[in-house]
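The figures that follow rest on heavy atoms only: side chains count, while hydrogens, waters and symmetry mates do not. FYI, the numbering just counts along the sequence from 1. Because the structure is predicted, anything quoted here is derived from the model rather than measured.
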Amino acid sequence: MTITQPLQLLAPLSGVLMPLDHVPDPVFASRVIGDGLCIDPTSQILCAPLAGVVSNLQHTGHAISITDDSGVQVLLHIGLDTVNLAGHGFSALVEQGQRVEAGQPLIEFDADYIALHARSLLTLMLVVSGEPFSLLTPDNGLVACAQPLLRLSLGDPRSSATQEEGEALFSKPVHLPNPNGLHARPAAIFAQAAKAFAASICLHKQQDSANAKSLVAIMALQTVHGDALQVSAVGEDAELAISTLVQLLADGCGEAVTPVALVAPVVQAQAVSTKLLRGVCASAGSAFGHVVQVAERTLEIPEFAADQRVERESLERALTHAKQALQRLRDNAAGEAQSDIFKAHQELLEDPSLLEQAQALIAEGKSAAFAWNGATEATATLFKTLGSTLLAERALDLMDVGQRVLKLILGVPDGVWELPDQAILIAEQLTPSQTAALDTSKVLGFATVGGGATSHVAILARALGLPAVCGLPLQVLSLASGTRVLLDADKGELHLDPALQDIEQLHAKRQQQSLRHQHELENAARAAVTRDGHHFEVTANVASLAETEQAMSLGAEGVGLLRSEFLYQQRSLAPSHDEQAGTYSAIARALGPQRNLVVRTLDVGGDKPLAYVPMDSEANPFLGMRGIRLCLERPQLLREQFRAILSSAGLARLHIMLPMVSQLSELRLARQMLEEEALPLGLKELPKLGIMIEVPAAALMADLFAPEVDFFSIGTNDLTQYTLAMDRDHPRLASQADSFHPSVLRLIASTVKAAHAHGKWVGVCGALASETLAVPLLLGLGVDELSVSVPLIPAIKAAIREVELSDCHAIAHQVLGLESAEQVREALYVQQQAMVETSQVLEN
């Protein structure tokens, strides 16, 4: 029978209509699941776009499918990545199998909760059965709920495919690694792959089966993490279909999978062919010792429990004990930065979303251990898949906290490893808790495959004085325990079976470094003046009043970078004006009216999100809404900060610095806002206004920026990664993302030249300024100020006192013509050795 009457689909809710191409999710945007459209909702009840049967209602409530009598299937999906909310914020008003009328309410949802906890509220309506359609309204306008939206063209209903004759082949069971089962995205990828085969294919979950080529049928299986699934097929390509689809399931169908354990098992020891493994320095220093392979044990977690009350009490008791243990770690921390790590861990234990997910699973009959582990693993997986290095590192913190509580629930002792003396630990990855618990009388250093130079593990290693290297190749896990190794973290190297001469050189080097460090501390208050009488200002990079005071005690001549985002991060509400103003004023008073205070405006967004500033997830957060871009898009945020900063005017020599500037229009608009906020305060003189040079565009246009700024400060970390197109925290590329690369040095040189042509000063506040090897180079390039990491202030000042500026100019001219960062480092190292020898002769 031919259907002549076209079918109309109604708008499932009110909102702004958007084309599917604009959805920031490649699976939806590429129409893998089906064609359709997207609505940014302004209402909070999802209604049926057509009459039919609820053919699938996800247990989490975020997605529902309706199938009408002619076989048309429509999927409605509320928000992006909302499966991770585990049902929180959704209330289903219908049941699976129920017949509904067009316009009937299906799901009520909490838009505010979802906007805060999920990637996006964008809601999709997809025709998964494949019928062509036309829009009945412009695709960029407002729509009202139940308004006619699509007209489907229906032809002869296709008869269902006949079942292939022959005996079905079955795969071995596959345990589903997807944290949230086969929800819409992975189910669509699996169904699309199945359609590539002629065979009839089914997906089996215990006694239930589904047509593997049907998205809706797969979703109706209601799979969860760990389910044992089988694939069966009948037809000529059945074997190939089964092997392909089983591998796809094992790999997560395009999703990041949840690992079984925190740290992978130690690889069976075998010979490693090379004598040198390279990684990235996480904590400076060097050590000679013996390999000890370490790994986290796998815990046995029961899934079900009989008494929900007992399980809730068990979870609550474990959380309380975990908080107490973290408080002890905070109390014993070596400094504020280390204490803040475990404070953040305590806050994770109080996260309402995490606790709600665990409690919901307990209510379903799961054990406290299973529920807590499921909640933490699902959230950690979400962090890892958002494209942010910072959030990926926080995922490790969450897994660390998760294991701490899990062991308490299970009654597993959280003891420290039994380690021999002179141990160099080798692991796939260490957690902050494991690092903090290391016995430094036995452990001399560690080397890992995972981790990054900015991770909490790296911060703790530096506080403990342990040399550490991360980003090593996987073959390091094949080293036999007991192997003699020399860990040269300064160079990011692990030497296997080093020669006696290398070991002796290491001991001599460490003794020399200890004597030099003592000498630097004794002379920290002396001015940084070169041997031929040129003074250079050495200031500090700080993120608190305590760091500012410490910097002053170590000889800092001011603050060259106050990272103001420390006031905004790790909190649920923005800081008040009084809190901001009080902090800026306290830091300014600590410096006094004769010292510079350079306050960088809020540098967040993209890779450093704020909980109370909702942002869409970005595929490339380092190239997205960061720094000044975010602040100009949300001008009230920047205006409030300007008012707070201006309250400290007169207490120090106040400077304001804008991050991530790439266009003159950004600078001009920010200056206008600053002037408008200063006007009511009656200030006689505005603070100096400058920009960070961290985007190559700004460096290349420095001659145009220079007339309109008061100073430049070069952020070499970002400038390097943008110039070389390498993520500076990537474990495989970080060693190549080197600020000594000639291309980066040439951008610094051109920036200095442009600034000095207009009488403006230039500082360097990136990590390059904190490397003693770079001191003669930066002075030779014409830099006026070095703003450095607080503990390194005495060393940088000492390095300046050991050189002559004329020699520095010659060095800079020489290295600008070299080809690679390696060549630059080698040339500087040779010059450094010559200068040290000259300095020793002159002192004697």
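One side chain, H345 or D397, offers a donor N or O that lies under 3.5 Å from an acceptor on the other. Side chains of S433 and R404: a donor-acceptor N/O pair is present below 3.5 angstrom, by distance only.
Put simply, the side chain of E547 gets close to the backbone of A543: a donor and an acceptor are under 3.5 Å apart. Not one N or O on the side chain of E428 forms a donor-acceptor pair closer than 3.5 Å with the backbone of V294. Under the 3.5 Å distance criterion, the side-chain polar atoms of D490 are matched with a main-chain donor or acceptor of G285. E694 contributes a side-chain N or O that, together with a main-chain N or O of M660, makes up a donor-acceptor pair within less than 3.5 Å. With hydrogens and angles ignored, the 3.5 Å screen pairs no side-chain donor or acceptor of T483 with any backbone N or O of L479.
Residues P473 and L277 come closest through the heavy atom pair CG-CD2, 4.0 Å. Between P498 and F288 the shortest heavy-atom distance is CG-CE1, 3.8 Å. N717 and A767 make their closest contact through OD1-N, 2.8 Å (heavy atoms, listed as atom of the first residue, atom of the second, distance). Closest approach of A461 to T435, counting heavy atoms only: N-CG2, 4.2 Å. Contact record, A282 with A458: O-CB, 3.6 Å, taken as the closest heavy-atom pair. Between V803 and P776, the shortest heavy-atom contact is CG1-CB, 4.4 Å.
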Pair up each side-chain donor or acceptor in residues 791-800 with any protein partner under 3.5 Å, not counting sequence neighbours, and list the distances.
{"unit_1": "K797", "atom_1": "NZ", "unit_2": "A524", "atom_2": "O", "d": "2.9"}
{"unit_1": "K797", "atom_1": "NZ", "unit_2": "R526", "atom_2": "O", "d": "2.8"}
{"unit_1": "K797", "atom_1": "NZ", "unit_2": "G555", "atom_2": "O", "d": "2.9"}

Only pairs under 3.5 Å count here: list side-chain donor-acceptor contacts from residues 742-751, not counting sequence neighbours, and write none if there are none.
{"unit_1": "S743", "atom_1": "OG", "unit_2": "H741", "atom_2": "ND1", "d": "2.8"}
{"unit_1": "R746", "atom_1": "NE", "unit_2": "L816", "atom_2": "O", "d": "3.2"}
{"unit_1": "R746", "atom_1": "NH2", "unit_2": "L816", "atom_2": "O", "d": "3.0"}
{"unit_1": "S750", "atom_1": "OG", "unit_2": "R746", "atom_2": "O", "d": "3.3"}
{"unit_1": "S750", "atom_1": "OG", "unit_2": "L747", "atom_2": "O", "d": "3.0"}
{"unit_1": "T751", "atom_1": "OG1", "unit_2": "L747", "atom_2": "O", "d": "2.8"}

Review point. Which is it for L348 and T376 under the side chain to side chain contact (heavy atoms under 4.5 Å, CB included) test, yes or no, and what are the steps along the way?
Key: CA-CA 10 Å; L348 283 171; T376 54; over 6 Å; no
Exercise for review: Start with the C-alpha distance between L779 and T530, add both sets of side-chain angles, then the distance that settles side chain to side chain contact (heavy atoms under 4.5 Å, CB included), and finish with yes or no.
Suggested key: CA-CA 10 Å; L779 301 191; T530 63; 4.2 Å; yes
Check your understanding: Where do D807 and R531 land on the side chain to side chain contact (heavy atoms under 4.5 Å, CB included) test, with the steps shown first?
Key -> CA-CA 10 Å; D807 293 335; R531 289 192 175 278; over 6 Å; no
Point to revise | Test log, rule side chain to side chain contact (heavy atoms under 4.5 Å, CB included), inputs L486 and L494 | key: CA-CA 6 Å; L486 192 158; L494 184 69; over 6 Å; no
Check your understanding: Can you list the steps and then say if D738 with R825 is a salt bridge (charged side-chain N to carboxylate O under 4.0 Å, His left out)?
Key -> CA-CA 10 Å; D738 193 334; R825 284 183 177 274; 2.8 Å; yes
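Q505 pairs by the side-chain hydrogen bond (donor to acceptor under 3.5 Å, both in side chains) definition with nothing, not counting sequence neighbours. Every salt bridge (Lys or Arg N to Asp or Glu O under 4.0 Å) that E493 has, sequence neighbours left out, goes to R278. Scored by the side-chain hydrogen bond (donor to acceptor under 3.5 Å, both in side chains) test, T720 finds S739 as partners (sequence neighbours excluded). Applying the side chain to side chain contact (heavy atoms under 4.5 Å, CB included) rule to E826 yields the partners V830; only residues at least two apart in sequence or on another chain are considered. Shown here are the salt bridge (Lys or Arg N to Asp or Glu O under 4.0 Å) partners of D497, two or more places apart in sequence or in another chain: K275. Annotation: side-chain hydrogen bond (donor to acceptor under 3.5 Å, both in side chains) contacts of R563 (sequence neighbours excluded): none. With sequence neighbours left out, the side-chain hydrogen bond (donor to acceptor under 3.5 Å, both in side chains) criterion links Q550 to no other residue.
Looking at heavy atoms from C-beta onward, V790 lies in side-chain contact with V542 at the 4.5 angstrom threshold. Residues F446 and I424 fail the side-chain proximity criterion, which asks for heavy atoms closer than 4.5 Å. Residues C765 and S713 are in side-chain contact: their nearest non-hydrogen atoms beyond the backbone lie under 4.5 Å apart. The shortest side-chain heavy-atom distance between L487 and L444 does not fall under the 4.5 Å cut-off. R484 is listed as a side-chain neighbour of I503, based on a closest heavy-atom distance under 4.5 Å. A 4.5 Å side-chain heavy-atom check between F740 and L828 finds at least one atom pair inside the cut-off. The side-chain heavy atoms of F536 and V775, taken from C-beta on, include no pair separated by under 4.5 Å. Side chains of I714 and L719 form a contact here, defined as non-hydrogen atoms less than 4.5 Å apart.
Atom OG1 of residue T431 and atom CE of residue M399 lie 10.5 Å apart, to the nearest 0.5 angstrom. Of the inter-residue distances, the one linking R801 atom CZ with E520 atom CD reads 8.5 Å to the nearest 0.5 angstrom. Distance check, rounded to the nearest 0.5 Å: CG of L326 to CZ of F342 gives 7.5 Å. Note that CG of L477 is 8.0 Å distant from CD1 of I426, once rounded to the nearest 0.5 Å. Taking OG of S286 as the start and NE2 of H495 as the end, the distance is 10.0 Å to the nearest 0.5 Å. The CD atom of Q831 sits 11.0 Å away from atom CG of L777, with the distance rounded to the nearest 0.5 Å.
Residue pairs meeting the side-chain hydrogen bond (donor to acceptor under 3.5 Å, both in side chains) criterion with at least one member in residues 437-451, sequence neighbours excluded, are D439-S441. Among pairs with a residue in residues 776-789, those fulfilling side-chain hydrogen bond (donor to acceptor under 3.5 Å, both in side chains) read T539-E785, T539-S787, N541-S787, H756-D784, at least two apart in sequence or across chains. The stretch residues 762-780 participates, sequence neighbours left out, in no side-chain hydrogen bond (donor to acceptor under 3.5 Å, both in side chains) pair at all.
Between E565 and R626 no salt bridge is recorded (no basic side-chain N to carboxylate O distance below 4.0 Å).
Residue Q511 qualifies as open at atom CD: its count of foreign heavy atoms under 6.0 Å is 12 or below.
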